[in-house]
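Note sheet for the following structure.
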Amino acid sequence: MSGWIHRALAERFPTIESAVSEIAALKAQLELPKGVIHVISDIHGEAKKLRHVINNASGRLRPLVSELFEEDLDPREFREFLNVLYYPAEILQLKEEELRNDQDRFEWVLATLRWQFDLIRRIISQRRRKTVKQLAPKEHRELFEVLLNFPAGGHDPVFLEVQLREMVRRRLDFSAIRSASRFIRNLTVEETIVAGDLGDRGPRLDRVVDYLMRQPNVSLIWGNHDVSWMGACLGNEALIALVMRISLRYRRLYQLEEGYGLLTKALEQLAETAYRDDPAEHFLSKRSGERDPWLIARMHKAAAILEFKLQGRMIERHPEWEMDDRNLLPQIDYERGTLFVGGKEHRLRDTYLPTIHPADPNRLSPEEEHCMSRLKESFTSSPRLWEHMKWMANRGGMAVVRDRAVIFHACLAVDEEGQPLPLEIDGVEYRGPEQFSALNRVIKRAFRAGAQVEQEDLDRFYYLWAGPKSPLFGKDRMATFETYFIEDKATHKETKNPWFRWIHDFEFCDRICREMGVPEGGIIVNGHVPVKVEEGESPVKGGGNAVTIDGAFSEAYGDRGYTFILAPEGEVLAEHHAFPDPVAAVREGGDLIPTMQWVRAYDRPRMVGDTEQGKSLRAQIRALEELVEAYEEGEIQEH
C-alpha cells in the first residue's frame with residue numbers, strides 16, 4: 001500500500017491500539033446479519049404513498065411490535081403505538097388536542113418513549129454501535145442515551161423524569177417522539193433503493209425528491225421518466241416540451257409552478273393565440289381541476305406539437321439512432337390529412353395544425369420559438385429544479401448490485417435469440433451490462449458541465465427516454481403521436497423488446513447476473529412495466545430469478561405498489577394495497593398490512609461477510625493491518 005494512504009489512515013487511527021480496535025470491530029461486523037435493504041420502483045410523483053411505505057418499513061415494523069408488545073398493550077394502545085411509528089406528525093396533532101393536562105401528557109410521553117426504546121434496543125442488538133450513533137438524532141442525543149440504557153445504565157430515574165418534565169413544559173416533548181420514530185425506521189432499513197421513475201403522472205415529483213433527500217441512506221437507479229426531467233433541466237428542448245405535455249395530460253401543473261417555480265404563461269399564450277379556435281377534444285386531461293379544461297387541452301396540444309417538432313429535428317441530427325419512423329410530421333400528407341403507419345394509410349382525427357408549415361413541418365413558428373425560449377429559460381434557471389436534478393444525478397446510476405440482487409430500471413436490449421444488441425456511446429459499441437457504465441459516464445459528465453453541456457450528451461437524454469435500444473425504455477417505438485391523432489388502436493401498439501420474454505428464462509437471467517458480477521444465485525430486479533395483477537400476472541418471472549416491482553404505484557395505474565426486501569433470512573416481496581390518507585388512518589386506527597410473499601428463503605441467514613459490503617470491509621481490514629505493520633516497523637510514528 002502506498003505511503004500516502006498509510007499517512008491518511010494514520011490521521012484517523014493515530015496509534016496501534018486505535019487501529020487494532022477498529023480491525024476487531026470490523027471483523028466482528030462481518031459476522032453480523034446483513035442489513036435489510038428495501039427496493040421500490042415507479043413512484044411517479046406519489047409522495048404520500050412513498051411516505052407510507054417508508055414509514056412502516058414496508059410492513060417489517062409491525063411483526064416486531066407484535067412480538068414485543070401485543071401481550072402488554074391493549075388493542076387501542078397497540079394501534080396507537082403503531083401510528084406513533086408510522087404517522088407521528090398526525091397522531092401527535094391529535095394528542096395535542098387530547099392531552100391538555102401536563103401530568104397526563106408527561107405520563108403518555110414517558111410511556112411512549114419507553115416503548116420506542118424497548119423496540120430500539122431489540123433492533124440494535126445486531127448493529128454496530130458506531131452505526132447506531134451515526135443514525136441517532138443530534139438534537140436529542142443525551143436524552144436518547146439515557147433512554148437507550150434505562151434503567152440498566154445506572155441513571156437515577158429522576159434524571160429522566162426531570163428532563164422530560166422540562167420538555168413537556170416547553171412543549172418540545174413531541175419532537176423527541178417524532179425523532180425516535182424516525183430513528184426506529186432508519187435502524188430497521190439499512191438502505192432504500194429506488195429503481196427509477198420518481199415523477200410524472202402523480203401529483204408532486206418535488207415532494208418525492210424532498211422526502212428521499214431526508215432519508216439517511218438512499219440509492220437511486222434512473223428510469224426513463226427521471227432522465228426526461230434531468231435532460232429538461234439541462235436545456236433539452238424536446239424534453240422540456242415532453243415534461244410540459246405529461247404534466248398537462250395528468251393535470252399536474254402544481255409541481256411545475258409551485259414545486260419548481262416554472263413559468264407556464266408562455267405556453268398558455270401560445271395556446272390562446274395559435275390554438276384559440278381549436279376544440280382540442282383529443283387532448284383533454286385525465287383529471288379535472290380549477291382551470292378551464294379547454295385551455296388546458298389547448299396547452300396540452302401546443303406542448304405535444306412542440307415535442308413532435310423538436311423530436312423530429314433531433315432524429316434528423318442522429319441517423320445512427322435509426323428512429324426515422326418517429327420523425328412523423330414530414331410524413332403526413334397534409335392535403336389528404338393522412339399518415340402511413342405500418343404500411344397502411346390512416347386518416348388523422350385532428351387536422352387542425354396551425355403552426356405546421358407542410359414544406360418544413362419540424363420548423364418552429366415564430367410564436368413557438370418565443371414560447372420555447374421562455375420555457376427553456378425557466379427550466380434552466382430554476383434553482384430548486386437544479387438542486388433536485390443534481391441530487392438525482394449525483395446519487396443515481398444505471399444499475400446497482402446489492403448482495404445477489406442485480407437492480408436496474410427496465411432492460412438490456414436483446415435480439416430474438418436473447419443475444420445483446422449493440423448501442424453506440426461516445427463512438428464505441430457497447431453490449432449488455434457494459435452499457436450501464438458507459439451511460440453513467442455520459443450523464444455524470446453532462447451534469448458536471450451544466451450549462452456548457454455538449455449537444456451530443458444533451459441529445460442522449462432523449463434517446464434514453466424513447467430510443468428502441470435504450471435500457472430505460474425497451475420498446476420498438478413511443479407511439480405518442482398515433483395515440484393522439486389516429487383512431488385505429490392497432491397503431492398505438494408499442495412492441496416490447498424480446499428481453500421481456502427472455503426474463504422468464506432461468507439461464508438467461510443467470511447469465512445477466514454473472515455478467516453483472518454475481519457468480520451464482522443472482523436475481524434480477526426491475527421496474528418500468530406495471531404488473532397486471534388483475535389479469536393474473538405475477539411479479540416473479542417464470543424462472544424464479546427475476547422480479548418486476550412496478551406495482552402501479554401511481555393512482556392513474558392502480559394505486560398499489562411493491563417493495564422487494566433483501567433480508568438476512570431471504571428475499572421477500574411486499575405487496576401494498578390501496579394507500580390511506582394518513583389523517584384518516586390515524587383517526588380510524590387502521591393499519592394496512594402489505595401481503596408478504598417469499599421469493600427465496602436462504603438455508604442460513606446471510607451475514608455481512610457474505611455480501612459486497614463484506615468485500616469492502618475486508619479491504620479496510622487489510623489496509624489497517626498494513627498500517628499496524630507500518631507502526632510496528634517504524635515507517636510511521638504513532639501520535
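Heads up: numbering here begins at 1 and tracks the sequence. The shown structure was predicted, so the numbers you read here are calculated from the model rather than taken from an experiment.
Salt-bridge check for D200 with R249: failed, with every basic side-chain N at 4.0 Å or more from each acidic carboxylate O. Comment: E67 engages R122 in a salt bridge, judged by a side-chain N to carboxylate O separation of less than 4.0 angstrom. Salt bridge absent: E507 and R511 never bring a charged side-chain N and a carboxylate O closer than 4.0 Å. Taking a cutoff of 4.0 Å between a charged side-chain nitrogen and a carboxylate oxygen, K475 and E494 qualify as a salt bridge.
The main-chain N or O of I177 is found under 3.5 Å from a side-chain atom of Q116 such that the two form a donor-acceptor pair. In this structure, the side chain of T611 engages the main chain of V608 through a donor-acceptor pair within 3.5 Å. In terms of modelled atom types and a separation under 3.5 Å, the side chain of R204 and the main chain of R252 share no donor-acceptor contact. Of the possible polar contacts, one joining the Y463 side chain to the K469 backbone as a donor-acceptor pair under 3.5 Å is found. Using modelled atom types, one side-chain atom of S41 and one backbone atom of A195 make a donor-acceptor pair closer than 3.5 Å. Side-chain N or O atoms of T563 include none that pairs as donor or acceptor with a backbone N or O of I565 at under 3.5 Å. N545 contributes no side-chain N or O that, together with a main-chain N or O of C509, makes up a donor-acceptor pair within less than 3.5 Å. Panel note: side chain N83, backbone I91; no donor-acceptor pair is recorded below 3.5 Å. Between the side chain of D42 and the backbone N or O of D550 there is no donor-acceptor pair closer than 3.5 Å. Panel note: side chain N55, backbone Y87; no donor-acceptor pair is recorded below 3.5 Å.
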Original post:
How far apart are the C-alpha atoms of V547 and L573, what are their side-chain angles, what is the distance that settles it, and do they pass the side-chain contact (heavy atoms from CB on, under 4.5 Å) test?
Top reply: CA-CA 9 Å; V547 61; L573 191 66; 4.2 Å; yes
**OP:** List the steps and the verdict of side-chain contact (heavy atoms from CB on, under 4.5 Å) for E190 and Q613.
**Re:** CA-CA 12 Å; E190 183 170 280; Q613 185 188 6; 3.7 Å; yes
**OP:** Test L624 against I621 for side-chain contact (heavy atoms from CB on, under 4.5 Å), laying out the working first.
**Re:** CA-CA 5 Å; L624 285 165; I621 290 167; 5.7 Å; no
Original post:
Checking side-chain contact (heavy atoms from CB on, under 4.5 Å) for the pair R501/I503: CA distance, chi angles, key distance, verdict?
Top reply: CA-CA 6 Å; R501 186 177 74 250; I503 57 170; over 6 Å; no
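Residues satisfying the side chain to side chain contact (heavy atoms under 4.5 Å, CB included) test with V442, not counting sequence neighbours, are I425, D426, R445, D457, R460. Every residue two or more places apart in sequence or in another chain that forms a ring pair (Phe, Tyr, Trp, His ring centres under 6.0 Å) with H225 is listed here: H44, W465. For A405, the side chain to side chain contact (heavy atoms under 4.5 Å, CB included) criterion is met by I407, I523, V525, L566, not counting sequence neighbours.
In K27, the NZ atom is not crowded: 12 or fewer heavy atoms of neighbouring residues, nucleotides or ligands sit closer than 6.0 Å. Remark: E139 CD is packed, more than 12 non-hydrogen atoms of other residues, nucleotides or ligands lying under 6.0 Å away. Applying the 6.0 Å contact sphere to CD of Q134 captures more than 12 heavy atoms from other residues, nucleotides or ligands. At most 12 non-hydrogen atoms from other residues, nucleotides or ligands lie less than 6.0 angstrom from OH of Y254.
Among K34, R604, R402, the single residue meeting the salt bridge (charged side-chain N to carboxylate O under 4.0 Å, His left out) criterion with D610 is R604. If you run side chain to side chain donor-acceptor pair (under 3.5 Å) between K541 and each of T548, D505, N526, only T548 comes through. Shown are V218, V194, L212; of these, the side chain to side chain contact (heavy atoms under 4.5 Å, CB included) with R395 is made only by V218.
With Y602 as the aromatic partner, R404 meets the cation-pi criteria of under 6.0 angstrom to the ring centre and within 45 degrees of the ring axis.
Relative ring orientation between Y260 and W229 is described as tilted, the plane-to-plane angle lying within the 30° to 60° band.
Residues D226 and H409 bring no donor and acceptor atom of their side chains to less than 3.5 Å of each other.
Aromatic pair W499/F408: ring centres closer than 6.0 Å.
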